[in-house]
Number of protein chains: 2
Amino acid sequence: MHDHAATHDHGCGGAQEAIARAERLCRERDLQFTRLRRDVLAAVAGQTRPMGAYDIAEALSEPGRRVAAVSVYRALDFLTEHGLVHRIASRNAFVSCGHAHTDGAGLVFLICRNCGTIDETTSPEVEDQLGRTLAKVGFKPTSRILEVEGECGACRLRSADD
Amino acid sequence: MHDHAATHDHGCGGAQEAIARAERLCRERDLQFTRLRRDVLAAVAGQTRPMGAYDIAEALSEPGRRVAAVSVYRALDFLTEHGLVHRIASRNAFVSCGHAHTDGAGLVFLICRNCGTIDETTSPEVEDQLGRTLAKVGFKPTSRILEVEGECGACRLRSADD
DNA sequence: TTGGTGATGATACACTGTAACACTCGGCCA
DNA sequence: TGGCCGAGTGTTACAGTGTATCATCACCAA
């Protein structure tokens, strides 16, 4: 397959997998994977675009059940804390984690200006250089966010077709 | 002095310099550096921590003059557009640009968890590796944000003193 | 049973950002 | 001179994002 490690494994099919991984992780760590948390994860994992907390709340609400945004935020706190979803700071929105990795280190988010999808990769080289740069200025990192906006591969091909 | 290129030149003294640079830039590009824009820049440049738009509005308001947040946002739009201040996405806040560079490319923001100050550097090496990584996955970048949270050099020394 | 803990529901609120409209001020042109 | 136009600003209202607080429920342990 393609030569880049991390690509869309969100998108409909990805939701099943994301939930399976979450269940496994919660069993291992003795955490509660409740219905709300599962539903929030499913909603986020069913999209290739980032969802706002209020979007999620609306998506989960139905005639019989009203899910308030605050509940969604709590579920998202849980999910982000355990690396199952990520927050996209530049969009105030959330995406499900496409990786199987445990710690959220070294992630790069690729946000397409055209189609809005978010892809996620890691780059040890970037990580490495960044670590070196930080060491040089005497800064001890605990977390970092790296978000790139631009045009994704699919959209570039599509616009080349014109 | 220290071996890292970019360090605090905000902080009180930096405000004068930031304004001087802004005036120069606006003259060059035939832009209006109005009182409001100058005051907003001064407020931001007088701090080493990021300021929220509402903080700025409050700081500029006095008995005789009420500055509404929306006015501050407009001034900030202008200032960010021309690279005079930067928005810190992870904090919904703004800092004045410590560099003399023109385009906002390759910036790294260092946010201290302890004292809250924000430092700014650039790293061609990180930039370079990131470009390579993006090329590999076929993503064409237009802008990026890179924000690192952790402990700054000053705070590390201070905590080592204990 | 009682008490504690973690998750959820519900309301209210604080903070962040934008839309829409009116007004002023300066420059420009008839 | 007078009128027009555009940029900047003031003002109000509102949309979107996130948190504080308290009540309730389920579950487990003493």
Side-chain angles (χ1 to χ4, degrees), chain A residues 22-23 25-27 29-44 49-82 84-95 116 145 147, chain B residues 22-23 25-27 29-44 49-82 84-95 116 145 147:
Chain A
E23 280 173 342
L25 182 143
C26 290
R27 244 195 325 272
R29 302 192 194 173
D30 201 30
L31 302 169
Q32 300 186 44
F33 193 54
T34 62
R35 175 185 173 200
L36 181 65
R37 291 170 181 176
R38 179 171 42 73
D39 288 354
V40 168
L41 178 58
V44 171
R49 310 161 182 244
M51 289 184 87
Y54 282 72
D55 297 337
I56 298 170
E58 195 179 347
L60 297 186
S61 293
E62 7 170 60
R65 170 162 87 138
R66 185 183 102 88
V67 178
V70 60
S71 300
V72 173
Y73 276 109
R74 285 192 286 232
L76 287 170
D77 283 346
F78 172 88
L79 295 169
T80 53
E81 191 174 335
H82 295 96
L84 295 165
V85 313
H86 299 298
R87 183 187 150 80
I88 306 299
S90 60
R91 299 281 177 116
N92 296 327
F94 301 82
V95 292
I145 66 177
E147 299 171 12
Chain B
E23 279 174 343
L25 181 142
C26 288
R27 242 192 329 271
R29 303 192 193 173
D30 201 30
L31 302 168
Q32 300 185 43
F33 192 54
T34 63
R35 175 184 173 199
L36 181 65
R37 292 171 180 175
R38 179 170 43 73
D39 289 353
V40 168
L41 177 58
V44 170
R49 311 162 181 242
M51 288 184 88
Y54 282 73
D55 298 337
I56 299 170
E58 196 179 347
L60 296 187
S61 292
E62 11 171 56
R65 171 161 88 139
R66 185 183 104 87
V67 178
V70 59
S71 299
V72 173
Y73 276 109
R74 285 191 284 230
L76 287 170
D77 283 346
F78 173 87
L79 294 169
T80 53
E81 191 174 336
H82 297 95
L84 295 165
V85 313
H86 300 298
R87 184 187 150 80
I88 306 299
S90 60
R91 300 280 175 115
N92 295 327
F94 302 81
V95 292
I145 66 177
E147 299 171 11

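Lettering of chains follows the sequences in order, A, B, ..., and the numbering in each one begins at 1.
The outermost nucleotides of DNA chain D lying under 4.0 Å from heavy atoms of chain A, listed 5' to 3', are D:dT17 to D:dT21.
Protein atom CG of A:D77 is 16 Å distant from nucleotide atom P of C:dG6, rounded to whole Å. Regarding A:L36, its CG atom lies at a distance of 13 Å from the C1' atom of C:dG6, rounded to whole Å. The nearest whole Å value for the distance from the OH atom in A:Y73 to the P atom in C:dT8 is 17 Å. As a whole-Å value, the separation of A:R35 CZ from C:dG6 P is 23 Å. Rounded to whole Å, the distance from CD on B:Q32 to P on C:dT24 is 18 Å. The CZ-C1' distance, from A:R37 to C:dA7, rounds to 7 Å in whole Å. Distance CG (A:L76) to P (C:dA7): 15 Å, rounded to an integer number of Å.
Side-chain contact between A:F94 and A:L79: absent, with no pair of heavy atoms (C-beta onward) separated by less than 4.5 Å. Between A:L25 and A:H82 there is a side-chain heavy-atom pair separated by less than 4.5 Å. A:N92 has its side chain within reach of A:R87: a pair of non-hydrogen atoms, C-beta onward, lies under 4.5 Å apart.
Between A:T34 and C:dT8 there is a side-chain polar atom (N or O) within less than 4.0 angstrom of OP1 or OP2. Under 4.0 angstrom from either OP1 or OP2 of C:dG9 there lies no side-chain N or O belonging to A:R74.
Here the side chain of A:T80 pairs no donor or acceptor atom with the backbone of A:H86 at under 3.5 angstrom.
How far CG of A:L36 is from CG of A:L60: 7.0 Å, rounded to the nearest 0.5 Å. The CD atom of B:E147 lies 8.0 Å from the CD atom of A:E147; values are rounded to the nearest 0.5 Å. Atom CD of A:E58 is separated from atom CE of A:M51 by 9.0 Å, given to the nearest 0.5 angstrom.
Taking the side chain to side chain contact (heavy atoms under 4.5 Å, CB included) definition, one finds that A:Y73 meets it with A:A53, A:Y54, A:A69, sequence neighbours left out.
Within residues 50-69 of chain A, the residues that place at least one heavy atom under 4.0 Å from DNA chain D are, in residue-number order, A:Y54.
Residue contacts for B:R91: at a heavy-atom cut-off of 4.0 Å it reaches no nucleic acid atom on any strand shown.
Take the nearest nucleotide of DNA chain D for A:A93 and for B:V70: the residue whose nucleotide is more 5' is B:V70.
One finds a salt bridge joining A:R65 and A:D39 here, because a Lys/Arg side-chain nitrogen approaches an Asp/Glu carboxylate oxygen to under 4.0 Å.
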